[in-house]
Amino acid sequence: MRLQDTLSNAEQVLDTSKKVKIYLCGVTVYDESHIGHARTIIVFDVLRKYLEDKGIEIEFIQNFTDVDDKIINKAQTENTSAEVISTKYIENYFRDFNGLNIKHATNYPKATEHIVDIIKFIEKLIEKEIAYVSKNGVYFAVSKFPEYGKLSKKKIDELESGARIEVDESKNNPLDFAVWKFSDVEPVWESPWGKGRPGWHIECSAMSTKYLGENFDIHGGGRDLIFPHHENEIAQSESFTGNQFAKIWMHVGMVTIDGEKMSKSIGNIKSIKHVLENWGPNIIRLFCLSGHYSKPIDYSEELLKENLTKWRQAETCYYELIHANSKDTENVASTVQKLASEFDNALENDFNTHLALSAFFQLIKETNRLAAEEKLGNEDAKIIKPEFQRMLKILGLSIPEMTDDLKQDIDTMIENREKFRQEKQFQEADQIRDKLNEMNVELIDHKGKTIWMKKENIKAEK
RNA sequence: GGUACUCUGGCAGAACGGUUAUGCGUGGGCCUGCAAAGCCUAUACAAGGGGGUUCGACUCCCUCGGGUACCUCCA
């Protein structure tokens, strides 16, 4: 698989000959997560599911930043502790995350649970004279890392002129950033330099090294993390180890609304909770995968609606496959194989989910065409179904399960309707159909048979 | 101001130096008792403007213009 690497600004080949190690920068837990966060996670979720489908072992680490000024501020305004705030939003995060059908990471390390590792990390930086103790905290000396700026392609002198926050006089250089901040306000920890808490970037350096080693395969996050977060992580980690940090830097584009970045500070966010309630996980996932991961996507109800239409086709396909029993058939094996390799090739080539979806929907169209022409035989279904389900699984899409009892009830109702139809008692027949519709069960009348499909309940559709 | 990315048909959105992207939408049709769903078919002669390289450019180069992101809050 080839992936576009932000650092080298070129495609790099992902080494899949052994376990693939991925570190994804998670969220700062002080508020509800929004669709922008969802996109990043979904992209990485599909990436790991694809690799796992190929039999590749994945170690996937995603952190929570649970100590931060924003958390502390929120705790103060709500008159509670930072821990209460971070715990609450971590719980909410998992609620959203499970709702989106995301596979759990190997581990979710938290900054507050790695203070010892962070302190050790800082100690070594001080020992190497890369970090220094100052009045307000311990700072990383950017001048000690000559390659500073290599990820974000920034020049140090240009950065200084553009610095937009007030200069902290205790720093040797305005660009130096805190690895430890002195503070008396909870939460604080003792350190060799004084009471305080870690800076934002240091946790990711300490935790990624701890769990994945000095040099791992993919480090990811939103594009907005390139600078300063990931730039600083590189500076810290490579200064610490003397070795290359992540091999591939993979950055996911922003979700915009009306062309403007979705962010808490602008106040134009759509929370995952809210969108999940209205559209469900499948449509959100299709939407988030509909463009190349590196580019921005614009959130709109129209696009979600378009993906709903597509999702209905996928559902139809699934139920056609289940009920397939036509006598006429077509040889589908070569088509299925062709689309399967198109799907894989698209993902191998810088993880082009849009093209992969293209193949997925072509498979659906092909299946539905055969069904419409009464040519979808059992043997065909046996060939198509595993591939269809493989794609569903990789994309993280799921058709709701149904109980056998309910299936039995539906079958009985369809039989009754059939009797009424044969006796040309259409009013009675239509009543049954309406009743099923209320249960979100839709009937599809083929020439010789009636099949049913259970539609996902999409609130926004009504 | 600096840096990066980006500009494709009504909309979304790819690939590729020369072939129909694909999907949504829209028109027509098939199926049906009627619907629904689905399918079939038609539909766009698209590439921000200008210039250049080339036998040939949406694809490479230059230039002008628009947009977005980042320039220590950010996924």
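Here the structure is a predicted model, which is why all the values come from computation and not from measurement.
Here the C1' atom of nucleotide G13(B) and the CG atom of Leu357(A) are 11 Å apart, to the nearest Å. Going from atom CD of Glu418(A) over to atom C1' of G33(B) covers 12 Å, rounded to whole Å. Here U6(B) presents its C1' atom at 14 Å from CG of Asn9(A), a figure rounded to the nearest Å. One interatomic measurement links the two molecules: NE2 of His446(A) to P of A35(B), which rounds to 18 Å at whole-angstrom precision. The CG atom of Leu355(A) sits 17 Å away from the P atom of U20(B) (whole-angstrom rounding). One interatomic measurement links the two molecules: CG of Asp298(A) to P of C7(B), which rounds to 15 Å at whole-angstrom precision. Rounded to an integer number of Å, the gap from CG of Leu363(A) to P of G23(B) is 13 Å. Between Arg223(A) atom CZ and C70(B) atom P there is a gap of 11 Å when expressed in whole angstrom units.
Considering only side-chain N and O atoms, Lys305(A) lies nowhere under 4.0 angstrom from the phosphate OP1 or OP2 of C11(B). At the phosphate of C24(B), OP1 or OP2 sits under 4.0 Å from a side-chain N or O atom of Lys365(A). Note on Lys295(A): a side-chain N or O is less than 4.0 Å away from OP1 or OP2 of A14(B). Residue Trp200(A) places at least one side-chain N or O closer than 4.0 Å to OP1 or OP2 of C74(B).
A donor-acceptor contact under 3.5 Å is formed by the side chain of Lys70(A) with the base of C73(B). Not a single donor-acceptor contact under 3.5 angstrom links the side-chain atoms of Asn349(A) to the base of A15(B). In terms of polar N and O atoms assigned as donor or acceptor, the side chain of Asp430(A) comes within less than 3.5 Å of the base of G33(B) in a complementary pairing. For Gln313(A) and G38(B), a side-chain-to-base donor-acceptor distance below 3.5 Å is absent, hydrogens and geometry of angles not being considered. Counting distance only, with no hydrogens placed and no angle test, the side-chain atoms of Lys264(A) and the base atoms of C73(B) include no donor-acceptor pair under 3.5 Å.
A salt bridge does not link Lys264(A) to Glu32(A): none of the charged nitrogens lies less than 4.0 Å from a carboxylate oxygen. Ion pairing of Glu301(A) with Lys305(A) is absent here, as no side-chain N (NZ or NE/NH1/NH2) approaches a carboxylate O to less than 4.0 Å.
Gly26(A) comes within contact range of the sugar-phosphate backbone alone, with a heavy-atom separation under 4.0 Å but no base atom that close.
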Output, in order, the C-alpha distance, side-chain angles, deciding distance and verdict of side chain to side chain contact (heavy atoms under 4.5 Å, CB included) for Asn349(A) and Arg2(A). CA-CA 5 Å; Asn349(A) 183 9; Arg2(A) 286 171 293 119; 3.3 Å; yes
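Counted by atom type alone, Tyr89(A) and Asp66(A) present zero donor-acceptor pairs between their side chains at under 3.5 Å. With hydrogens and angles left out, the side-chain atoms of Glu231(A) and Ser152(A) include a donor and acceptor closer than 3.5 Å.
Closest contact between the side chain of Lys154(A) and the listed nucleotides C70(B), G13(B), A14(B) involves C70(B).
For G23(B), the paired base is C11(B) (Watson-Crick or G-U wobble, both distances below 3.5 Å).
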